[in-house]
Amino acid sequence: MKVTIDGRELEVENGTTILQAAQKLGVDIPTFCYHPGLSAPANCRMCLVNTNKAPKLLPACYATCMDGMEVKTNDEKTLRTRKSTLEFILLHHPVDCPICDQAGECVLQDNYFAHSAQPSRNFTRKNHKPKATPIGNNVILDAERCIVCTRCVRFCDEVSKTNELQVVNRGERSFVTTFPGRALDNDYATNTVDICPVGALTSRDFRFKMRVWFLKSASSICSGCSKGCNITVDHGGGNTQRYRPRENQAVNRWWMCDPGRLSYKQFQDNRLTDAQIDGVVHPVREALSAAARRLRSAGDPSKVAVVPSLLMSNEDAVALAVLTKRAGFGGWYVGGRAAGKEDALLQKADKNPNRAGVMAVAKAFGIETNPLTALATAGASATLWFGHEHAVDPKVLAAVQQLSRVVVASNASEWTAGASVSLPSRTFEECSGTWISVDGHLQRFAAGPEAKGASVAIWDLCFRLLRSLGVMDVMPPASPDQVVAEHGQAVPELASMPPALPPAPGRPDQLRKARAA
Amino acid sequence: MSTAVLNAIKSKFASGVRSAHSHCGDDTVVLDRKVILDVARYLKSDQAMAFNMPIDCTAVDYLDFPGGDAAGSDETRGVGGFAGARFEVVYHLYSTTRKHRIRLKVALDESDVNTPSLTQVWLGMDWFEREAWDMYGIRFDGHPDLRRILLYEEFVGHPLRKDYPLRGYQPLVPIAKLDRDNEDPKLVNTDLNPEAPE
Amino acid sequence: MSNHLVDSRNVDSRSQAPRFAKLWTPTEVDADEPGLMRVQMGPSHPAMHGTVRMDVILEGETIRDMDVDIGYLHRGFEIQAENATWTQVVPYTDRLNYLSSLCNNVGYVLAVEKLLGIDVTPRCKWIRMISAEIARIADHLTALAAGALELGGFTPMLFGIQAREEFYKVIEHLCGARLTTAYTRIGGLRWDLPDNFEAGYRKAEASLKKNLADMDKMLTRNRIFYDRMADTGIISQEDAIEYGWTGPCLRSTGVEYDVRKAHPYLFYDKVSFDIPLGHKGDNYDRYLVRIAELRESLKIIDQCFKYMEPGPVNVDDWSIVLPPKEAVYNTIEGMIAHFKLIMEGIAVPKGEAYGYTEAANGELGFYMVSAGVGKPWRVHCRAPCFALVQALKPMMLGEQLADIIPTFDTINMIGGEIDR
Amino acid sequence: MGYKVARPELNIFEKSYVPEILKGVGVSSRHFFRNIFGKKDIVTVEYPEVKPDYASRYRGHHRLMAREDGTARCVACMLCSTACPAHCITIEAGDYGDTDVEKYPVKFEIDLLVCVYCGMCEEACPCDAIRMDSGIHTPSQMYRKDGRVGKVDLMALGDLSIAKQGGELS
Amino acid sequence: MDPILAAVLFAIIKISIILLGYVMLFATVLTWLERKYSALIQDRIGPNRAEVAGLRLGGLFHMIADPIKVLFKEDFMPRTENPIMYKMAPWLSVVPPMVIFAVIPFGPGDMFVISNAPLGMLFIFAIAGLGVYGSVFGAWASNSKFALLGGLRATAQMISYEVAMGLNLVGVFMIYESMSLQGIIVEQGETLWGFLPAWGLFLQPVSFILFMASAIAENKRAPFDLTEAESELVAGYFTEYSSMKFALFSLGEFIEIIAIACIASCMFLGGWQIPFVDATGGIILTSLQILAFLFKVFVLVWLQMTIRWTLPRFRYDQLMKLGWLYILPLSLANILATGVWLYFAA
């Protein structure tokens, strides 16, 4: 089938919508209610385009292409209709940009500025609707700002299938709300905030924290479970401010779960920023030699139990494997977070993002792995401990506390308390690396916020510790990619590394289309 | 304005002209650096050209220029002209007798940032080229005295390059970091950036 | 010390000045040679306005070699501009030539408008012309007054400054600040003219005329002043052009090049004014040309007041200028436009442009590259002083130490502009 | 068109220094005698006693405007800190928990030592909250930290703003 | 009482009164007066902030406040090889002008002059020649290139103009046939042709102009202040001085202003002579004559200050040219003309 869009011809399959065809050509058609992951109700009327097949304008998101169709997306009629649609949508929109979190990433702002930019002709009093109503644990509704695109309603119907939301009233008084007695409290509720084109639904967690145009973004992977959902880490002021899902049709499509979305918080409390020897702050360099001394004084190196963190990237794991082998340490005692909730959509019971990767590295290097519980009875004399996140087992905890411990962790926890030497590591947000998800996807994440304090990436620490231990013939690599390239050839899972991530979409001004000259 | 100049250069130095355009009323010729010196000499000496006044010389770094990657078509690279290499040296010339202007551009790759110095034609290019060297690290071959001009000799790097870090310090003397709330007025904190890490 | 008694300048004052004997040389005199003395003038020296250092090698009081070292006021204007929205650059331009900020403001926005391809309203053009000419007057007055001060004439300097103060008052009424004006906006102006603006200007004009007459009486025909200025700091026409000189300094050599005439912008083609030219390009000519330009500027402003008509000062396009405040406070359309412009800046189409205007010191050019977003990809400022000061060395070789001072003044080096 | 400026050539009389010196002395003396006996042309303002009049547009110390109930009009939209070319404004937003206003600045701090007084913040304010028309120039400070002026001080200079807002034009 | 002892005591009293009561007081007032005067020329108010008990008196207290302030300033001393020379220099520039007053007659007779030396003018030349050492020592010992340049200029300038200054007065000596100041003043009491006082100003007008020019040059004040030319040499030979040492240099300058005014009024304006009153004696007349002298001195001080605040300064070679090519030949010509005239008049 042949369609012509703005004079450019395109061959499409039957059933393709005009919008999809236009996207293939790179023609921009503004939308509000359309979302590729949801059904198309065609109720915002923003995407109306002029065609030769119908006397009236057709909604591009819903109307399918017909053979010989000629579509005009920027003729005078379409443009005038867009202006009218925008004027209509803005008729009762409150003057809320100053207090609206969406300002800066608001589709309404973008579309108005790109397609209308004309003054108001509004001389009527604006409608008032409920404002700032919490409709769930994570979502706040401002009904005045709602343009009734019903994306959120459709999300609850079609994706989370929990059906909490509905549209009430008619005409200009209609707005979205929950069914009586229900709350929007499913595990995917905050996705409605992401897909809301305006500021009607805002995140309770992110509310008023920071203006979105101050945020910088980095493409990353969620660390909340082993699913490996693709996310964007938005950070500003040196801290992660929020996670947003990033589209990956193979893993998480457009969505992510609320527990994962809030998982950035666990890296913000009790952050370890300095190296400590017996609880006293020292430079990392000194702490490394102290760690080497403590590990050597444990006697037989095979009595040193290594506990990897399952938040480690594959690069870290390779570095640790090199360290374990070259220093002659004993096996790995693999702990990790306790198993949790699993559902059909995204959440996985295994809450450790890189169990698959760490195990694959251990296997490839021939390192014996035991469950962490075995450490209580292993008879180790010292331990090289990574991570703060391992589920607490009182018996293991008691046993570990007896040992001389070198702890590498980003945050403080029961496991790090009382360590003889503690080294600050970076969180995964602050490093770049790869993880292998439970489904076997090898995925890359990029560094976001600046590293805190004196913290060092784990792979770097491992190689430096190796030198402190007296193994001088291993040159520390310069980057995580080099770690895998030089030492990780033995790991079949890491044979083909994913390509480097393109830079994450930054602030809106970098995305903006230029005004036509 | 005066496409005559454009045409003259195009016809005389056809092999060295990469592209030419008039955008926003400015005539621009993108030249190969092999011919830039000849073009300059021609422009100065020819009676019909008579570009006797060097107005300006500067450089632009097009690293990560939107739409400037290799895949970008000529169209997306913009009429304003970005010739495809990382650096561009931009000359502006003026003729006080003919009252016309021209912009010459030389595209330079990151790996080879040498271009002939036009001080051999106009002495007034002297400081402008020194500034371009200082800020972008463009090496002007044949410049008699290519030193840093705005920054100090000990400065490392070329700060207007897009990959030069925006924040950070490169002090000649160590900067005393002060506790912001217990400042001694006699000491001067040179850190004026409120976003700088404390 | 060979030339106490005879004038070292072997120049017939009626002929065209000769070309420099030696046009450009890198530093080649060895300061350790016996009989030579190396003097570091600056960066903190009374005569080095702004901060500039002159590494002078003297033989007695004669300059054998010198190197002008600039950069002490370098604050990274160009990299700042790359990290600010197009509008946010306007306050940065105030600090280029801080004596005539309004000229810089006007020059910058004209360059951006060239890239945007828009034309501002007639009233806006008249007001921009008035403000630029007032700034030019203030700048010339400073140069003239400082010239007297550098030669020890404190009283004439204060007369000049007195008149300048009056113009700064006018500027303050116009835009709320005297030096850091930040007055123009892309597509318009921050404000229309205030009430009673013309009355305030007339007062300043009267003060200028009165004080200029006093300065003139005390200096122009005074032989001490004449001897210090005439035949010192000579540059020939060819050399001035060769070094990229523009503005009053170029015109003092007799070259008729003024951007306002050669390539009229705003409404400079609608007003009548003349270009004063000098005879041989010495300090005295530059002094006379500046005085004559003051009178021309007054003429231009008079005509601007005559031709100006009421009307809007901003273009009617919310994607370029901020909406009026009532629309911002009360309509969502205005609010969105306001937010978009401030969050993201004006989306200037991709391309490059070189906008040039006649600032107080000469051709002020802004070469800018836009990547099509709200922030400039590159803004390069072609500062007129930069070209002027680079010719200082060939001008001063063989002259006396004391001649640096009036020469440096009459070429009116402005640290903020040269260092950027 | 261009014309050559009249360049005086000194005559022999002027070359003898004396007459021109006397002319200069005459100008000096005229000013002296006018200022001491006649109409005073003195332009100096005796500052602490006599304050110069600032122009109505003068951009001085910032101030935060208030609503009728005395709270700040500012809703912490951060446009001023975005528009600020010197990055001198720090705002932290808070939640009133009130459906009328919702958002307010918990902290509003301007570093007067960093501020360049360009007026971009008042131009950017969509709520008539920040203004620079206080007519007060910035006081000098002993310590750098005193240059960081907070919400309370800015409110103290403020006034009631009666600008209509929020589409209630009717 | 021993007459010698009495004479010595009397001399000491005269010295104290003249130096402390007149020269120093006048110089101190001048520091204020110059600032105030220049302010009024320039349409400013000038110093007016110092106050005692709410009284400001147009800033008169500044002349007390300034020395106090200067005394308490940090006395910075550069690293130098010659600390003694460095410390000596300010005194060398303040003492010689004070010594000049030893031969200045403030009134008729021996009563109002410390030493009525017969060759008073020679004494003055001798002492004034010493003034150069203040600048040169200061410049040399400061260990600064700007100071050195200033010192070099000062040497050349003072030596050149010393000659011109001396030659200018030869005409006066020839006419009045005396080198004693008192003698010259007495001669000026006569009247020429019945209406014009026989002042040097009228008998030697060229001499007067040249003398004032070379005397101002000798004092290194504008337009001849290129030894300190602040725009070129920062502050010339006293760049490196601070506190009271700095103040001494400027005090020396002010004393020299008075000294020049005194000498010029003695030589050219008839000293203490009141025009058309060719008589001495009597308390009232003597007082009037002293006042007349002070008035003449004041007028000449005013003239110097006005010139100072009106003119730009010379360049070094122009100054030398003026001294050697114009003033010196002119004064020689003046001597010649005077001699010819005297020859034929006799």
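Residue numbers start from 1 in every chain, and the chains themselves are labelled A, B, ... in the order their sequence lines are given, proteins ahead of strands.
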Portion of C/Glu78 that has a non-hydrogen atom of chain B nearer than 4.5 angstrom: both
Residue part contacting chain C, namely of B/Ile55, when any heavy atom lies under 4.5 Å: both
Part of B/Asp134 lying under 4.5 Å from any heavy atom of chain C: neither
Greatest number of heavy atom pairs closer than 4.5 Å to chain B - which of C/Ile79, C/Ile70, C/Thr246: C/Ile70
Audit row: B/Thr119, B/Asp126, side chain to side chain donor-acceptor pair (under 3.5 Å) steps and yes/no: CA-CA 6 Å; B/Thr119 48; B/Asp126 173 17; over 6 Å; no
Pair C/Glu256 + C/Arg251: basic N to acidic O under 4.0 Å: no
Qualifying residue for side-chain hydrogen bond (donor to acceptor under 3.5 Å, both in side chains) with C/Tyr367, from C/Glu352, C/His380, C/Arg382: C/Glu352
For C/Tyr92, ring pair (Phe, Tyr, Trp, His ring centres under 6.0 Å) partners two or more places apart: none
Heavy-atom pair count under 4.5 Å with chain C, highest-scoring of B/Val60, B/Thr96, B/Asp61, B/Leu151: B/Val60
Distance under 6.0 Å and angle within 45° of ring axis: C/Lys350 vs C/Trp377: no
Partner chain C: residue of B/Met125, B/Glu131, B/Met135 with the largest heavy-atom pair count (under 4.5 Å): B/Glu131
Ion pair check, C/Arg38 and C/Asp55, cut-off under 4.0 Å: yes
Lys NZ or Arg CZ of B/Arg86 over B/Tyr62 ring: under 6.0 Å, within 45°: no
Interface moiety of C/Leu250 toward chain B, non-hydrogen atoms closer than 4.5 Å: side chain
Heavy-atom proximity to chain C below 4.5 Å, by part of B/Phe128: both
Side chain / backbone / both / neither for B/Val121 at chain C, heavy atoms under 4.5 Å: backbone
